[in-house]
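Contents: one structure, followed by commentary.
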Amino acid sequence: MKEVTKNSCNLCAPLGAVLAFKGLEGSVSLLHGSQGCATYIRRYMISHFREPLDTASSSFTEETAVFGGGENLKKAIVNVTRQYQPKVIGIASTCLSETIGDDLNMIVREFKKESESYVNHDIPKLVTVSTPSYSGNHADGFYRTVAETVKAFAKDGKKGEHINLFPHMLSPADLRYLKRLMRQMNSDFVLFPDYEKTLDGGVWGEYHPIPEGGTTTEDLSRTGSAGASIEFLSAAHKDQAASSYLDETFSVPSRITPIPIGVELCDRFLDHLSEVTGSPVPTDETEARERLIDAYTDGHKYLFGRKVLLYGEEEMVVSLFSFLHEIGMVPVICATGGDGNAMKSGIASVSKGLDLSEENEPLVIGEVDFEDIYEVAKEKEISFMVGTGKGYKVSQRLNVPLIRLSFPIHDRFGAARIRTVGYEGTLELYDRIVNAVIEERQAANPVGYTYL
C-alpha cells in the first residue's frame, strides 16, 4: 500500500459540497471543521472561477478537536444567520469533525431546540451533508450534496410536466447552454445546482454578501412532483444519484446518461430529453450536429492515432474517453484519484460498439496521484494530455501538449467560460485539440509555416 501522496490528483469532498451549495439561491456554506479547510476551498474556487466566494467555518481549536465541536457549530450558525440572513445554510462536515465523531444532524436538532436563546432572527433552512475526504473526492462531495439538498426540499404532489435536470460539475457556460436548450424545447424545468450567475456573474455596483442567482427552494420543492429526472452519470456515483432518490421516494422516472460530450453521447442525451418533454430536438441542435461532424472530417488527419493520457474525476473521464475515440485519438491511459473500478465500469458502458484492439485497450488506474500517473505515462509514448490544469507538471515532464478542461484550472484565464457539453461545446473542445496539435507541429518545425 502506498504511504505517501505526491501532487494529489484528488480534491477534497467538502469542496464539492461548497460548489453544489453555490447553486442554491440565498445559501451560504458552513464547514464544520478548522478554518484552514474553509480557507483552502475559498482559495481554490476563487482561482478557478475568478469570483468572490464566502465560506463560513465552525473554527475548530485544539479543545474542540478533543471534546467536540457542537457548540462551535451552533455559534457559527448564529453568526452566519446574523451576518448574511441567508435562506439556507449548507453545513458540510470535514475530516476532523468526522474523525472525532461529531453528528451534524444531532447538533442541528439540539440547535433548533435551543435557538431562542441563541438568535433573534428567523432560523434559515439547515441542510447537512457528510463529506469527509477520506471517503471520497470532490465529485463524491458534489453528488452527495446534490442528493441531500434534494431530500431536504422535495415534496410529493400531483405529477407535473416539468423536468428535473441534475448536471455534473460543469462550467457556468455549460449551465447556460443547458438552460437555453430547455427553453428552446418549451420545457418547464428545475436545474440543480445552478451556479451560472453565482460563480460567473457581472460587475457589481455594490458588494452582495450572497450573489444573486441559483436554484430557488420553491423549485427544489417541485422536484418530487416532476414528470421525469435526467442526471449526468455513468457509473462512479450512481449510488449517490438525486434522481434515484426521487424515483424511489416519489416515483419520478429517472434517466441516467453520461455527460453529453461528442456526437454519440449528445445524441443519447437529446433522445432522452425529447422523449421526456415530448418536444422535437431543436433545429439549432441538429444544425450544430452537422457542423460538428463536418469539423470531424476536416480535422481528422491531424488527430488520428495520437495516444492520449486522459485524467480527472471519474464521470468526466468516461465521457471524454468516448469523445476521444470518436475523433480518432487513442486514450491509452485513463487515470483518476477516485474510484478506478467504477470508472472502468463507466468506460465499458460507453465502449459498446467501439473496436478496441488489445493494443489500444486503455490502462484504467484509480486512487493515484500525479507522480503515479507520470511513472506510468513515461513508458507509453504519450503524445497528448487531456484533463485539469493540475496535470501541467506532468505534461511539462513528458513534453506533450495539455488541453485543460473541467475543474480545477488555476493556471489559465476564463475557466468558468470553457464550454464542453452539447454539440457546440464539443466543437469548441475539438477546435482546441486540433489547434494544439497544429501549434505543436508548427513550433517544432525549424522553418515554420504560415499556411495550412
Look at the side chain of D174 and the backbone N and O of R419, then say whether any donor-acceptor pair between them is shorter than 3.5 Å.
no
In L178, T420, I418, the residue satisfying side chain to side chain contact (heavy atoms under 4.5 Å, CB included) with L170 is L178
Any chance the rings of Y430 and Y296 have centres within less than 6.0 Å?
yes
Measure up the Y40 and Y44 rings against each other and bin them: parallel (under 30°), tilted (30 to 60°), perpendicular (over 60°).
tilted
Ignoring hydrogens and angles, state whether a donor on the side chain of E264 or S322 is under 3.5 Å from an acceptor on the partner side chain.
no
Evaluate side-chain hydrogen bond (donor to acceptor under 3.5 Å, both in side chains) for S243 paired with S229, printing each intermediate quantity in order.
CA-CA 6 Å; S243 59; S229 299; 5.8 Å; no
Assess, by modelled atom type and distance only, whether the side chains of S57 and Q35 contain a donor and an acceptor separated by less than 3.5 Å.
no
Stepwise, does the salt bridge (charged side-chain N to carboxylate O under 4.0 Å, His left out) test hold for K87 with E25?
CA-CA 8 Å; K87 295 180 180 179; E25 184 190 47; 3.0 Å; yes
Counting only heavy atoms not in E161, do more than 12 fall under 6.0 Å of its CD?
no
Is it true that F166 and Y143 have ring centroids separated by less than 6.0 Å?
no
Would the F142 and H138 ring centres measure less than 6.0 Å apart?
no
Evaluate the criterion side-chain hydrogen bond (donor to acceptor under 3.5 Å, both in side chains) for residue pair S58 and H32; output intermediate values, then yes/no.
CA-CA 5 Å; S58 58; H32 187 40; 2.9 Å; yes
Is a side-chain donor-acceptor pair under 3.5 Å present for E313 with H168?
yes
Do L309 and F384 have side-chain heavy atoms sitting under 4.5 Å apart?
no
Please determine whether the number of non-hydrogen atoms from other residues, nucleotides or ligands lying under 6.0 Å from atom NZ of K155 exceeds 12.
no
What's the separation between atom CD in E290 and atom CG in L292, rounded to the nearest 0.5 Å?
11.0 Å
Heavy-atom side-chain contact between Y177 and V421 under 4.5 Å:
yes
I need the minimum non-hydrogen distance between S244 and I256, along with the two atoms involved.
OG-CD1, 4.2 Å
Shortest non-hydrogen contact from F321 toward S351:
CE2-OG, 3.1 Å
With K393 as the cation and F370 as the aromatic partner, state whether NZ or CZ is under 6.0 Å from the six-membered ring centre and within 45° of the axis.
no
Given the ring of Y302, does R306 sit roughly above its face, with NZ or CZ under 6.0 Å from the centre of the six-membered ring and within 45° of the axis?
no
Nearest heavy atoms of D140 and Q240, plus distance in Å:
OD1-NE2, 3.3 Å
Do M329 and F304 make a side-chain contact, defined as non-hydrogen atoms from C-beta onward lying under 4.5 Å apart?
no
Is S395 reaching over with its side chain to a backbone N or O of Y392, donor-acceptor style, under 3.5 angstrom?
yes
Scan L181, T277, L165 and name whichever one has a side chain to side chain contact (heavy atoms under 4.5 Å, CB included) with S187.
T277
Over 12 non-hydrogen atoms of neighbours within 6.0 angstrom of CG in D298:
yes
Smallest heavy-atom separation, I293 atom then V263 atom, equals CG1-CG2, 4.1 Å
Side chains of E424 and R289: does their closest heavy-atom pair fall under 4.5 Å?
no
Parallel under 30°, tilted from 30 to 60°, perpendicular over 60°: which one fits the rings of W204 and Y207?
perpendicular
Apply salt bridge (charged side-chain N to carboxylate O under 4.0 Å, His left out) to E371 and R397, showing your working.
CA-CA 11 Å; E371 188 64 26; R397 293 167 74 181; 3.1 Å; yes
Does E381, at its CD atom, have more than 12 non-hydrogen atoms belonging to other residues, nucleotides or ligands within less than 6.0 Å?
no
To the nearest 0.5 angstrom, please state how far the CG atom of L265 sits from the CG atom of L270.
11.0 Å
Please report the shortest heavy-atom distance between G340 and V364, naming the atom on each side.
O-CG1, 3.8 Å
Would you indicate whether the side-chain heavy atoms of V129 and F21 approach each other to under 4.5 Å?
yes
Please check if atom OH in Y84 has more than 12 non-hydrogen atoms from other residues, nucleotides or ligands closer than 6.0 Å.
yes
Donor-acceptor contact below 3.5 Å, side chain S29 vs main chain G90:
no
CG of L233 to CD1 of I230: how many Å apart, nearest 0.5 Å?
12.0 Å
D267 and Y423: side-chain donor and acceptor closer than 3.5 Å?
yes
Within 6.0 Å of NZ in K197, more than 12 heavy atoms from elsewhere:
no
So does T223 get a backbone contact from the side chain of N164, meaning a donor-acceptor N/O pair under 3.5 Å?
yes
Within the supplied structure, the quantity of interest is the number of heavy atoms (other residues, nucleotides, ligands) at a distance under 6.0 Å from E212 CD; does it exceed 12?
no
Nearest heavy-atom neighbours spanning K6 and D369:
N-OD2, 2.7 Å
Verify the neighbour count for atom CD of E439: are there more than 12 heavy atoms of other residues, nucleotides or ligands below 6.0 Å?
no
salt_bridge(D200, R176) N-O dist < 4.0 Å:
yes
Starting from the C-alpha separation in whole Å, work towards a yes-or-no answer on salt bridge (charged side-chain N to carboxylate O under 4.0 Å, His left out) for K179 and D194.
CA-CA 9 Å; K179 291 195 288 186; D194 178 11; 3.0 Å; yes
Ignoring hydrogens and geometry, is there a side-chain-to-backbone donor-acceptor pair from S221 to A154 under 3.5 Å?
no
Just so I know, are the side chains of R441 and N445 near enough to count as touching, which here means a heavy-atom distance under 4.5 Å?
no
Under 4.0 Å between a side-chain nitrogen and a carboxylate oxygen: does that hold for R42 and D54?
no
Close side-chain approach of L19 and L199, heavy atoms under 4.5 Å:
yes
Can a side-chain donor-acceptor contact be found between N7 and Y374 if the only test is distance below 3.5 angstrom?
no
Are side-chain N/O atoms of S130 and E98 paired as donor and acceptor at under 3.5 Å?
yes
Determine, stepwise, if the pair R222 / D188 fulfils salt bridge (charged side-chain N to carboxylate O under 4.0 Å, His left out).
CA-CA 11 Å; R222 296 198 300 148; D188 183 12; 2.9 Å; yes
Side-chain heavy atoms of P211 within contact of K22, under 4.5 Å
yes
